[in-house]
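Report on the structure given below.
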Amino acid sequence: MSRTIWKSRRVVRIMACTFYFLLPLLLQAQVLFPSYTVKDGRMQIKIDRNISAATLDSFVAQFDLQHLQLNELVFKNSAEALGKAGWRVAQTNRKTLIITKGFQHFEEWNNPESRIRFTETKPTFAQRFPATNNGLTFGHNRFRNKPAFETSRDSVVRFFLRGHENARQVMLAGSFNNWDPEALPMKRTEGGWEVGVKLGGGKYWYKFIADGHWMVDADNQQRENDGEGNINSIFFQTNTVFLLPGFEGAKNVYLAGSFNQWRPRELAMQRTERGWVLPLYLSEGTHAYKFVADGKWVTDPQNPKQLPDGEGGYNSYIALGKPYLFQLPGFTAAKEVRVAGSFNNWRPFELQMRKTANGWELPYVLGPGNYEYRFLVDGQWTSDPANPPVAGNNSHFVLGANHTFRLKGFDQAKRVFLAGDFNNWNPTSFPMQRRGNEWVLPLHLWNGKHRYKFVVDGQWILDPENKLWEQNEHKTGNSILWFGR
């Protein structure tokens with residue numbers, strides 16, 4: 001997490017005075033370069049309407065203002081990004097555009113958390129930077145010039161910054177320590193700086209701070225924008241190591257599976273003395289996979305667990321977590337029963353159930369989530385009679401419910417559904433149940449930002465009890481929920 005302005009009080013005062021003295025000179029010389037000043041306790045940016053795109057880009061780069069999307073504002077009159085960042089248009093006419101924003105308290109300028117709390121929806125660090133349980137299926141590290149950070153048996157990750165031998169002090173800050181720039185001093189070592197941090201499996205954001213200068217890890221190819229114009233390095237604390245022994249003559253070996261939509265050239269494996277290796281972070285659940293050696297798809301010779309691949313062969317699979325027991329009572333005369341759902345991309349050939357004295361069952365490992373499913377009985381699809389669907393043909397269940405959506409009133413409504421980014425805005429897959437004078441639905445949510453609406457007898461409405469919302473492409477708005485620990 002970098003900072004748009006990270007200066008001491010003394011430097012800020014000097015900058016403010018400098019701008020005050022320079023502004024008249026700039027205006028007299030009729031220079032079209034924008035001015036960035038301090039006036040009446042507010043930051044102020046003044047832009048000439050005749051400015052060129054190249055000059056504006058130079059100004060944006062100089063002051064790290066990419067998150068304001070000033071090109072959209074000046075040339076397209078779009079102020080959406082401006083408002084989200086806390087700025088407002090103070091003056092606009094044919095010749096000049098002036099935008100302003102109030103200062104945060106000086107003592108808060110060295111605290112990145114204050115920038116996050118300043119946003120309209122006030123998300124916490126856990127919400128903005130969740131390590132796990134955030135819809136992340138897999139993750140892998142990609143470093144150059146140095147190997148991925150080593151992890152000891154007690155889960156301590158050795159963060160290493162290559163070079164910078166002339167630096168007097170180097171610190172590490174990231175989502176694992178609330179971006180505190182003073183909590184993790186790094187020690188000088190051969191070829192750079194290092195520090196150990198104990199981390200559980202998951203995804204983490206970080207930056208180095210060398211003599212006060214925040215910077216991404218130049219050797220880490222995994223980077224991500226935090227939504228405010230800041231680029232952070234990404235590290236995955238892996239929990240699974242895939243190994244393909246042999247294949248010494250192969251030129252390239254890749255890993256592909258259900259976790260990456262079977263993309264055959266995305267996850268390159270590394271040649272080692274043991275064979276081809278790739279550490280991954282995988283979420284809880286069942287993951288099918290194969291290796292791709294010089295274009296040939298190969299099952300894991302060391303893993304006896306397999307599932308049909310639908311083409312007369314098999315996929316290897318790995319299961320992380322606790323099994324969920326699918327049960328279908330009755331149908332004892334059926335010859336074959338399978339189950340399929342959103343958890344396995346509705347692959348009807350994959351999961352064959354076992355016959356019991358009273359019906360059919362299948363233990364299957366799933367992580368927390370919201371799922372739809374159906375049974376395939378001797379080639380005929382059927383919903384679960386013990387869990388009939390409210391709408392459509394699919395039965396629905398939730399594992400690890402951690403939030404309950406509520407809609408008060410609407411006593412005359414016949415059906416109410418919940419739709420949002422957590423179910424691809426399906427208007428009929430998440431039915432709500434009436435309890436007293438409200439409609440309720442427990443769901444599992446990952447940490448972070450969620451957009452949603454209620455669908456009342458076919459009519460889409462915002463959450464009347466939630467003041468947080470944002471505009472959508474239909475100009476009808478979506479309610480916003482920040483969920484986290």
Side-chain angles (χ1 to χ4, degrees), residues 78-88 113 115-130 132-136 226-228 342 367-372 387 389-392 394-485:
S78 174
E80 182 177 355
L82 199 72
K84 289 181 179 179
W87 291 75
R88 65 178 179 85
E113 185 176 8
R115 289 190 62 209
I116 291 180
R117 289 178 175 171
F118 188 72
T119 62
E120 180 182 357
T121 52
K122 298 181 177 61
T124 66
F125 272 104
Q127 294 166 336
R128 285 293 305 277
F129 299 99
T132 57
N133 193 28
N134 65 333
L136 176 69
D226 68 356
E228 293 186 353
S342 55
N370 313 295
Y371 300 104
E372 295 179 74
N387 182 21
V390 174
N394 301 326
S395 297
H396 171 269
F397 70 99
V398 179
L399 285 182
N402 54 13
H403 179 78
T404 300
F405 285 89
R406 301 178 183 276
L407 177 63
K408 295 182 179 179
F410 295 91
D411 298 337
Q412 303 304 315
K414 296 180 180 179
R415 288 185 176 180
V416 177
F417 295 87
L418 175 70
D421 52 17
F422 35 73
N423 72 337
N424 294 320
W425 296 96
N426 188 322
T428 60
S429 67
F430 283 178
M432 303 186 73
Q433 302 296 322
R434 189 198 300 273
R435 291 182 184 173
N437 67 338
E438 61 181 4
W439 296 82
V440 300
L441 177 63
L443 281 186
H444 174 82
L445 296 180
W446 58 83
N447 293 343
K449 181 180 181 181
H450 297 277
R451 303 168 180 85
Y452 70 97
K453 274 186 170 180
F454 299 112
V455 186
V456 181
D457 290 338
Q459 181 179 0
W460 296 68
I461 67 169
L462 294 171
D463 186 345
E465 300 294 323
N466 186 357
K467 296 180 180 180
L468 300 179
W469 69 280
E470 67 180 22
Q471 195 57 276
N472 59 26
E473 66 272 22
H474 306 294
K475 306 299 181 183
T476 58
N478 297 320
S479 294
I480 298 297
L481 170 67
W482 281 98
F483 182 80
R485 292 180 293 274

key: Non-hydrogen side-chain atoms of Asp457 and Phe410 separated by less than 4.5 Å   = no

inquiry  = Rounded to the nearest 0.5 Å, what separates atom CG in Leu468 from atom NZ in Lys449?
reply    = 10.0 Å

ask   = What are the two closest heavy atoms between Pro389 and Ser395, and how far apart are they?
value = CD-OG, 4.0 Å

task = Output, in order, the C-alpha distance, side-chain angles, deciding distance and verdict of salt bridge (charged side-chain N to carboxylate O under 4.0 Å, His left out) for Arg406 and Glu438.
result = CA-CA 7 Å; Arg406 301 178 183 276; Glu438 61 181 4; 2.7 Å; yes

remark   = CG of Leu418 to CH2 of Trp439, rounded to nearest 0.5 Å, is 13.0 Å

ask   = For the atom pair CG (Asn478) and CD (Gln471), what is the distance rounded to the nearest 0.5 Å?
value = 8.0 Å

task = State which residues pass side-chain contact (heavy atoms from CB on, under 4.5 Å) with Pro442; sequence neighbours excluded, sorted by chain then number.
result = Ala401, Thr404

message = Among residues at least two apart in sequence or on other chains, which ones pass ring-ring contact (aromatic ring centres under 6.0 Å, His included) with Tyr452?
response = Phe405, Phe454

task = Could you check His403 against Leu481 for side-chain contact (heavy atoms from CB on, under 4.5 Å), going step by step and ending with a plain yes or no?
result = CA-CA 11 Å; His403 179 78; Leu481 170 67; 3.7 Å; yes

Side-chain donor/acceptor pairs under 3.5 Å, residues 428-436, sequence neighbours excluded:
from	atom 1	to	atom 2	distance (Å)
Thr428	OG1	Asn426	OD1	3.3
Ser429	OG	Asn423	ND2	2.9
Arg434	NH1	Asp411	O	3.0
Arg434	NH2	Asp411	O	3.1
Arg434	NH2	Ala413	O	3.0

query = In Å and rounded to the nearest 0.5 Å, what is the CG to CG distance from Asn387 to Asn394?
reply = 11.0 Å

key: Distance, nearest 0.5 Å, that separates OG1 of Thr476 from CD1 of Ile461   = 12.0 Å

ask   = Can you list the residues that meet the salt bridge (Lys or Arg N to Asp or Glu O under 4.0 Å) rule with Arg415, with sequence neighbours excluded?
value = none

inquiry  = Under the rule for side-chain contact (heavy atoms from CB on, under 4.5 Å), what residues qualify as partners of Asp421, not counting sequence neighbours?
reply    = Trp425, His450, Arg451

inquiry  = Is any side-chain heavy atom of Lys414 closer than 4.5 Å to one of Val456?
reply    = no

ask   = Between atom NE2 of His444 and atom CZ of Phe483, what is the distance when rounded to the nearest 0.5 Å?
value = 7.5 Å

query = Under the salt bridge (Lys or Arg N to Asp or Glu O under 4.0 Å) test, which residues partner Glu372, sequence neighbours left out?
reply = none

request  = Would you check if the side chain of Lys408 reaches a backbone N or O of Glu465 as a donor-acceptor pair within less than 3.5 Å?
outcome  = no

message = A side-chain contact here means heavy atoms from C-beta on lying under 4.5 Å apart; do Tyr371 and His396 qualify?
response = no

ask   = Between Ser479 and Asn466, what is the shortest heavy-atom contact and its length?
value = CB-ND2, 4.2 Å

ask   = Of the non-hydrogen atoms in Leu407 and Pro464, which two are nearest, and what is the gap between them?
value = CD1-CD, 3.7 Å

query = Counting N and O atoms only, with roles assigned by atom type, does the side chain of Asn472 sit under 3.5 Å from a partner on the main chain of Gly477, one being a donor and the other an acceptor?
reply = yes

